[in-house]
A.B. asks: 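Just passing along the structure, written as structure tokens.
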There are 2 protein chains.
Amino acid sequence: MWHFESGIKEILENQKSVFHVLTPEEKEELKNHISLTNYRKNEYVFKEGDKPSGFMVLVTGKVKIFKEGVGGREQIIRMSKPMGIIGYRALFADENHIATAVTLEDSMIANITMDFILNRAVKNSEFSLLLLRKFALELGFANSRTVSLTQKHIRGRLAESLILLAEKYGFEHDNTTLKVYMSREDIANLSNMTTSNAIRTLSTFANEKLITIDGRKIKILDLARLDRISKLG
Amino acid sequence: MWHFESGIKEILENQKSVFHVLTPEEKEELKNHISLTNYRKNEYVFKEGDKPSGFMVLVTGKVKIFKEGVGGREQIIRMSKPMGIIGYRALFADENHIATAVTLEDSMIANITMDFILNRAVKNSEFSLLLLRKFALELGFANSRTVSLTQKHIRGRLAESLILLAEKYGFEHDNTTLKVYMSREDIANLSNMTTSNAIRTLSTFANEKLITIDGRKIKILDLARLDRISKLG
DNA sequence: CCTTTGTGATGTTATAAAACACAAAAAAAG
DNA sequence: CTTTTTTTGTGTTTTATAACATCACAAAGG
């Protein structure tokens, strides 16, 4: 409802936005093809099976993207942070969404018409290359995750998830508290385990002084050792 | 050693080749940036950690692409067939390879310089869009596989792999024999299970008249039921 | 204020699949 | 043709983790 102007500015100028490589003219035109929407915490952005509405950029907030598996079990396949792009896979594959996006906190999301992306942006080869790079990185991430989630043991998977969250969202000013607050269930869905096992293993990690837990507030005490646990499997 | 000319022609003109969308001039120039190499069965095309040598197209043969996981356990993340592109993820991500490619049979592979791709091909927005589409489809596949491999039980995973192989490589003239001959170990590595369990479960499937096995020759007798087993988990 | 609902915590049991062990058969090498 | 190596097949044991069962506590709602 507010901050819309600064949201547009971010999308156009922020170094981390894919659109910052556009020419001034292209940026000007983009303004006519953008709409911004505010979402409250735990709102659906799109659902598995939905027809994609456009190319989306998360302006502020956090979003989880998950797939529904056997017996409704959710697997979080990606976490998005500001200036991250979402829903673009389905657009370029010309398919419906194969995953669901839900906000983790209040968020603002920009929706850019596919028409603009296809008929303007992609004509700019720097933009194309940047998108190709985004896809390549995400594909690499997905492939690595497949191996981790299938082969690592529970401790390794949880350690990897904690490191992932630390790298993605960073820390609060104390430099140890994870700047993301997820339910145990979400942590479990990110790490391919049951909620009970996420809770149990987090407790074990706390006992081992790798982390401290205070509700949803997680402090990383020993990143090096978490890393070893993750790499070991 | 032979068939090189027809190999080039395939790459330029086959509808399934990404390069068929290039203009005649671009195709002409591409000829100066291609090299063709023959590989024998079970040869490495590239290894995890290698610097990518170029954009590759599998002209003839079959290639498996796998990642090494915990304790050296291999996970096959992709199977490639003629006109499939390989090694492109690392190029666009500007990273070293994160997976290893090995031929399943004698194969011919074209290597196109990245210089040509970046400075010529990507300027053609139809080509860019096609590549973006390839990436989008592969990412969707990877995400779906992550969920299948982590959540489905052994029978479901094996059934899914058999269906995958059938869709990818098709059947011999009898319309039932899979047109791909893999070791039990490879089937296991594709399906995230141990070799023993792949062998055992294949035998079970044969007993249930879902398939017949004769060495590495697998006949699919009841695709519908395999599909149900796969979907059920 | 009490009731309901959601989340977190922990112990117990059940089970799917890995790990292990050993043959037999097939393929490759000498 | 024999020997060696690789691949396939099968039974047994072990183990990691899901499933289940409570319980405690906090938050939300009437």
Side-chain angles (χ1 to χ4, degrees), chain A residues 40-42 64 69-75 102 104 147-161 178 180-208 211-218 229 232-233, chain B residues 40-43 64 69-75 102 104-105 147-161 180-208 211-218 229-230 232-233:
Chain A
R40 266 167 310 131
K41 188 176 166 173
N42 293 326
K64 64 173 171 180
V70 183
R73 225 174 111 200
E74 294 178 2
Q75 176 61 52
V102 170
L104 284 184
V147 177
S148 291
L149 292 179
T150 54
Q151 296 196 0
K152 286 184 182 174
H153 286 177
I154 276 199
R155 286 169 58 88
R157 300 204 300 272
L158 184 63
E160 183 175 301
S161 290
L178 279 184
V180 58
Y181 300 83
M182 294 166 78
S183 68
R184 302 293 193 265
E185 190 182 1
D186 276 342
I187 293 175
N189 290 341
L190 178 63
S191 315
N192 180 36
M193 61 186 66
T194 56
T195 307
S196 316
N197 276 327
I199 292 169
R200 219 186 298 270
T201 312
L202 280 171
S203 298
T204 314
F205 280 2
N207 281 330
E208 295 171 11
I211 61 173
T212 63
I213 41 182
D214 171 15
R216 294 186 178 190
K217 183 185 288 184
I218 298 175
I229 291 170
L232 212 99
Chain B
R40 266 167 309 131
K41 187 176 166 171
N42 293 326
E43 265 193 278
K64 65 174 171 180
V70 181
R73 226 175 109 199
E74 294 178 3
Q75 176 63 50
V102 170
L104 284 184
E105 47 186 66
V147 177
S148 291
L149 293 178
T150 54
Q151 297 196 358
K152 287 183 182 175
H153 287 178
I154 276 199
R155 286 170 59 89
R157 300 204 300 273
L158 184 64
E160 182 175 301
S161 290
V180 59
Y181 300 83
M182 295 166 77
S183 68
R184 302 290 193 267
E185 191 182 359
D186 276 343
I187 293 175
N189 290 342
L190 178 63
S191 316
N192 180 36
M193 61 185 67
T194 56
T195 307
S196 321
N197 276 328
I199 291 169
R200 219 186 297 269
T201 312
L202 281 171
S203 299
T204 313
F205 280 2
N207 281 331
E208 296 172 10
I211 61 172
T212 63
I213 41 182
D214 172 17
R216 294 187 179 191
K217 181 185 287 184
I218 298 174
I229 291 170
S230 168
L232 212 98

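A note on names: the letters A, B, ... follow the listed sequences, proteins ahead of strands, and every chain is numbered from 1.
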A.B. asks: dA18(C) C1' sits how many Å from Asn192(B) CG, rounded?
C.D. replies: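 Distance, rounded to whole Å: 11 Å.
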A.B. asks: Is the side chain of Gln151(A) donor-acceptor paired with the backbone N or O of Val70(B) at a distance under 3.5 Å, no angle test?
C.D. replies: yes
A.B. asks: Going from CG on Asn192(B) to CD on Glu160(B), what distance comes out if it is rounded to the nearest 0.5 angstrom?
C.D. replies: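 Answer rounded to 0.5 Å: 11.0 Å.
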A.B. asks: Can you check whether Ile187(A) reaches Leu158(A) side chain to side chain, under 4.5 Å on heavy atoms?
C.D. replies: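 Result yes, sub-4.5 Å side-chain heavy-atom pair found.
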A.B. asks: Can you check the Tyr181(B) OH to dT6(D) P distance for me, whole Å?
C.D. replies: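 Atom-to-atom, Tyr181(B) to dT6(D), this comes out as 25 Å.
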A.B. asks: Minimum heavy-atom separation for Ala198(B) and Ala188(B), please, with both atom names.
C.D. replies: CB-CB, 3.8 Å
A.B. asks: Check Ile218(A) against Leu202(A) and note the closest heavy-atom contact, atom names and distance.
C.D. replies: CD1-CD2, 4.5 Å
A.B. asks: Nearest whole angstrom, please: distance from the C1' of dT7(D) to the CZ of Arg200(B).
C.D. replies: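 Taking CZ of Arg200(B) and C1' of dT7(D), I get 16 Å after rounding.
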A.B. asks: Axis-to-axis angle across the helix from dC1(C)-dG30(D) to dG30(C)-dC1(D), five pairs an end, to 10 degrees?
C.D. replies: 40°
A.B. asks: Whole-Å distance between dA18(C) C1' and Leu149(B) CG?
C.D. replies: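 In whole Å, dA18(C) C1' and Leu149(B) CG are 16 Å from each other.
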A.B. asks: Taking only residues two or more places apart in sequence, or in another chain, which ones meet Thr150(B) in a side-chain hydrogen bond (donor to acceptor under 3.5 Å, both in side chains)?
C.D. replies: none
A.B. asks: So if I define the base as every atom that isn't primed, P, OP1 or OP2, how would nucleotides 23-30 of chain C read as a B/S/- string at a heavy-atom cutoff under 4.0 Å?
C.D. replies: --------
A.B. asks: Taking the side chain as every heavy atom from C-beta outward, state whether Ser183(A) and Arg216(A) have any atom pair closer than 4.5 Å.
C.D. replies: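 Heavy-atom side-chain distance check passes, below 4.5 Å.
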A.B. asks: Would you tabulate the pairs of protein nitrogen or oxygen atoms and nucleotide nitrogen or oxygen atoms of nucleotides 15-17 of chain D closer than 3.5 angstrom?
C.D. replies:
residue: dT17(D); atom: OP1; partner: Ile154(A); partner atom: N; Å: 3.2
residue: dT17(D); atom: OP2; partner: Ile154(A); partner atom: N; Å: 3.4

A.B. asks: Arg155(B): what forms a side chain to side chain contact (heavy atoms under 4.5 Å, CB included) with it, not counting sequence neighbours?
C.D. replies: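 Arg155(B): side chain to side chain contact (heavy atoms under 4.5 Å, CB included) contacts with Thr201(B), Thr204(B), Phe205(B), Glu208(B), Ile229(B).
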A.B. asks: Scan residues 181-190 of chain A for pairs that pass salt bridge (charged side-chain N to carboxylate O under 4.0 Å, His left out), counting only residues two or more places apart or in two chains.
C.D. replies: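 Qualifying pairs: Lys64(A)-Asp186(A).
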A.B. asks: Could you work out, with salt bridge (charged side-chain N to carboxylate O under 4.0 Å, His left out) as the rule, every residue matching Glu105(B), not counting sequence neighbours?
C.D. replies: Lys62(B)
A.B. asks: Just to verify, what does Arg200(B) make a salt bridge (charged side-chain N to carboxylate O under 4.0 Å, His left out) with, not counting sequence neighbours?
C.D. replies: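 Once residues adjacent in sequence are excluded, Arg200(B) has no partner under the salt bridge (charged side-chain N to carboxylate O under 4.0 Å, His left out) criterion.
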A.B. asks: What pairs with Thr194(B) under side-chain hydrogen bond (donor to acceptor under 3.5 Å, both in side chains), at least two apart in sequence or on another chain?
C.D. replies: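 Asn197(B).
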A.B. asks: Examine distances only and state if a side-chain atom of Gln75(B) and a backbone atom of Asn189(B) form a donor-acceptor pair shorter than 3.5 Å.
C.D. replies: yes
A.B. asks: When the distance from CG of Asn42(A) to C1' of dA28(D) is rounded to whole Å, what number comes out?
C.D. replies: 15 Å
A.B. asks: Would you list the protein and nucleotides 6-9 of chain C atom pairs, both N or O, that sit under 3.5 Å from each other?
C.D. replies:
residue: dG8(C); atom: OP1; partner: Arg216(A); partner atom: NE; Å: 3.3
residue: dG8(C); atom: OP2; partner: Arg184(A); partner atom: N; Å: 3.0
residue: dA9(C); atom: OP2; partner: Arg184(A); partner atom: NE; Å: 3.0
residue: dA9(C); atom: OP2; partner: Arg184(A); partner atom: NH2; Å: 3.2

